[in-house]
Protein chains: 2
Amino acid sequence: MLQITRDGEYAVRAILHMSAQPVGTLCLISEIAEAQEVPRSYLSKIMQHLVKAGLVKSRRGARGGFFLARRPQEITLRQAIEAIEGPIFLNICLIKKGECHRDEFCPVHQVWQEAQRKLMEVLDNKTMAQLVQDAEKLKGFSAKKRTPKKPPSTL
Amino acid sequence: MLQITRDGEYAVRAILHMSAQPVGTLCLISEIAEAQEVPRSYLSKIMQHLVKAGLVKSRRGARGGFFLARRPQEITLRQAIEAIEGPIFLNICLIKKGECHRDEFCPVHQVWQEAQRKLMEVLDNKTMAQLVQDAEKLKGFSAKKRTPKKPPSTL
DNA sequence: ATTAAATAGGACTAAAATCATCCTGAATGT
DNA sequence: ACATTCAGGATGATTTTAGTCCTATTTAAT
Ligand code: FES
Ligand code: FES
């Protein structure tokens, strides 16, 4: 349907949540699920998948939890999404040359290639660290709307 | 899955096929289906849909067929795809403001907006007329590869 | 008027994807 | 030992995808 799945969306939320924590913080599934409004049991599966994909590490047992395998500035939005959704191909024929035998003479093919390139460029150029910063700005903005004076002391 | 469906792909093929015909030509389902490698009975449904969407007109009965409702230079790739797939939203929260209540503070939202804008830009800036031209160039190119000498007399 | 040629439209279906839930097992800190 | 967490498998409801097939209707030609 040319739309990301809930899996992808939830994965981004989870990674973003962890990215916003102080380094070394262990996050619990229930905590992430509640904060990011993701069904708890569903998120469990997604976290497992993210661990397997190598983006997240986990510790089992009491005082266990999840934490990022890399620093937030080293994780792009694309990586977060593709870790769960798999590589993105706007049309099936983009998977690889020859996947569709029409790609040799189909004039639409190069349009999809360009569209995909531009889409990826956007997702590649946004790191989790940047998103956390953006979120802080948004928070500051909505706070300003409520209390127009006195900028917040901590940023 | 962030991928266009067969419906969308087949619709583009069908419209492209009609765009490549001399004006006034009536195209038959079976003819388009064979040329564009689309299952005949499936294409039938897609053509119906394209007629309802107003992109294509039809004439029933003997000597009937399909033809474009507008000139190829007035039909963009986006219009062809969206006529069948409906409006494209890379994430469900882009459908409209407030569709997802997180859009106010979610820092990913504006990234999806930009990604979508760039994707649409690519699809908007390609008309069926241009694609037909591109196809002719591709044909000429592969023809050149087979017979490196003697450029084709008709273009 | 008959008939052949076409599209229109509805019913139906198999397979896969989507979006989850629930339970058991394994690991780990106290 | 025990409470706490994640790991992983089984299950399932619903929707989407990607078709097929049959009948009805319209139209042109004879
Ligand atoms: S073969 Fe890739 S779009 Fe046509
Ligand atoms: S609300 Fe739109 S991406 Fe998060």
Side-chain angles (χ1 to χ4, degrees), chain A residues 1-14 17-18 25-34 36-69 81 84-86 88-89 91-93 100, chain B residues 1-14 17-18 25-34 36-69 81 84-86 88-89 91-93 100:
Chain A
M1 216 220 305
L2 209 43
Q3 190 168 95
I4 59 155
T5 62
R6 292 302 82 199
D7 287 54
E9 165 79 16
Y10 293 161
V12 171
R13 288 191 200 178
H17 184 93
M18 290 185 279
T25 308
L26 278 158
C27 299
L28 304 185
I29 288 213
S30 17
E31 170 206 321
I32 303 177
E34 188 177 7
Q36 302 299 317
E37 302 173 286
V38 178
R40 196 191 160 289
S41 59
Y42 195 22
L43 181 61
S44 168
K45 284 277 159 268
I46 288 170
M47 295 307 289
Q48 270 179 43
H49 203 129
L50 286 176
V51 169
K52 280 198 181 167
L55 238 60
V56 168
K57 289 186 178 170
S58 67
R59 214 163 68 194
R60 280 152 84 133
R63 307 266 296 222
F66 297 90
F67 56 100
L68 293 181
I81 293 167
I84 282 289
E85 302 233 347
I88 288 173
F89 300 107
N91 196 345
I92 201 172
C93 57
C100 164
Chain B
M1 213 220 306
L2 209 45
Q3 189 167 97
I4 60 156
T5 61
R6 293 302 81 200
D7 287 55
E9 165 79 16
Y10 294 161
V12 170
R13 289 191 200 178
H17 183 94
M18 288 184 280
T25 309
L26 279 158
C27 301
L28 305 184
I29 289 210
S30 17
E31 169 205 323
I32 302 177
E34 188 178 7
Q36 302 300 318
E37 299 172 287
V38 178
R40 198 192 159 288
S41 59
Y42 196 21
L43 180 62
S44 168
K45 286 274 161 271
I46 288 170
M47 295 306 289
Q48 271 179 42
H49 203 129
L50 287 176
V51 170
K52 280 197 180 169
L55 237 61
V56 167
K57 288 187 177 169
S58 66
R59 215 165 66 193
R60 280 152 84 133
R63 307 264 296 218
F66 298 90
F67 56 101
L68 293 180
I81 293 168
I84 282 290
E85 302 234 345
I88 288 173
F89 300 108
N91 196 346
I92 200 171
C93 58
C100 163

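Residue numbering restarts at 1 for every chain, and letters A, B, ... go by the order of the sequence lines.
Nearest nucleotide to the side chain of B:Arg63, out of C:dG10, D:dG8, D:dA28: D:dA28. Proximity note for B:Pro39 (side chain, C-beta onward) versus D:dT20, C:dA6, C:dA8: the nearest is D:dT20. Taking every side-chain heavy atom of A:Lys45 into account, D:dG8 is the closest of D:dT20, D:dG8, D:dA18. Comparing atom distances between the A:Tyr42 side chain and each of C:dA20, D:dA18, D:dC21 picks out C:dA20 as nearest. In this structure, of C:dA8, D:dA28, C:dC22, it is D:dA28 that holds the atom nearest to the side chain of B:Ala62.
Put simply, B:Ser58 has a side-chain N or O that comes within less than 4.0 Å of OP1 or OP2 on C:dA8.
Atom P of nucleotide D:dA7 and atom CZ of A:Arg40 are separated by 12 Å, given to the nearest angstrom. Taking atom CG of B:Leu43 as the reference point, atom C1' of D:dC21 lies 16 Å away to the nearest angstrom. Protein atom OH of B:Tyr10 is 8 Å distant from nucleotide atom P of D:dA18, rounded to whole Å. At whole-Å resolution of the value, CG in A:Leu28 and C1' in C:dG29 are 14 Å apart. The CD1 atom of A:Ile4 sits 16 Å away from the C1' atom of C:dA17 (whole-angstrom rounding). Rounding to whole angstrom units, CD of residue B:Glu85 and P of D:dA18 are separated by 9 Å. Per the geometry, CG belonging to B:Leu2 stands 15 Å off C1' belonging to C:dA17, to the nearest Å. Atom P of nucleotide C:dG9 and atom CD1 of B:Ile29 are separated by 12 Å, given to the nearest angstrom.
We find the CE-CD1 distance between A:Met47 and A:Ile32 to be 4.0 Å, quoted to the nearest 0.5 Å.
In this structure a side-chain-to-backbone donor-acceptor pair under 3.5 Å is present from B:Arg59 to B:Arg63. No side-chain donor-acceptor contact under 3.5 Å links A:Gln36 to the backbone of A:Ala14.
Between A:Gly64 and A:Ser44, it is A:Gly64 whose nearest contact on DNA chain D lies nearer the 5' terminus. Heavy-atom distances to DNA chain C give each of A:Gln3 and B:Met47 a nearest nucleotide, and the one nearer the 5′ end belongs to B:Met47. Toward the 5' end of DNA chain D, the nearer of the two residues A:Met1 and A:Arg60, judged by each one's closest nucleotide, is A:Arg60.
More than 12 heavy atoms of other residues, nucleotides or ligands lie within 6.0 Å of CD in A:Glu37, so this atom counts as buried by the packing criterion.
A:Thr5 is listed as a side-chain neighbour of A:Glu85, based on a closest heavy-atom distance under 4.5 Å.
Nucleic acid contact for B:Lys52: sugar-phosphate only, since backbone atoms but no base atoms lie under 4.0 Å from a heavy atom of the residue.
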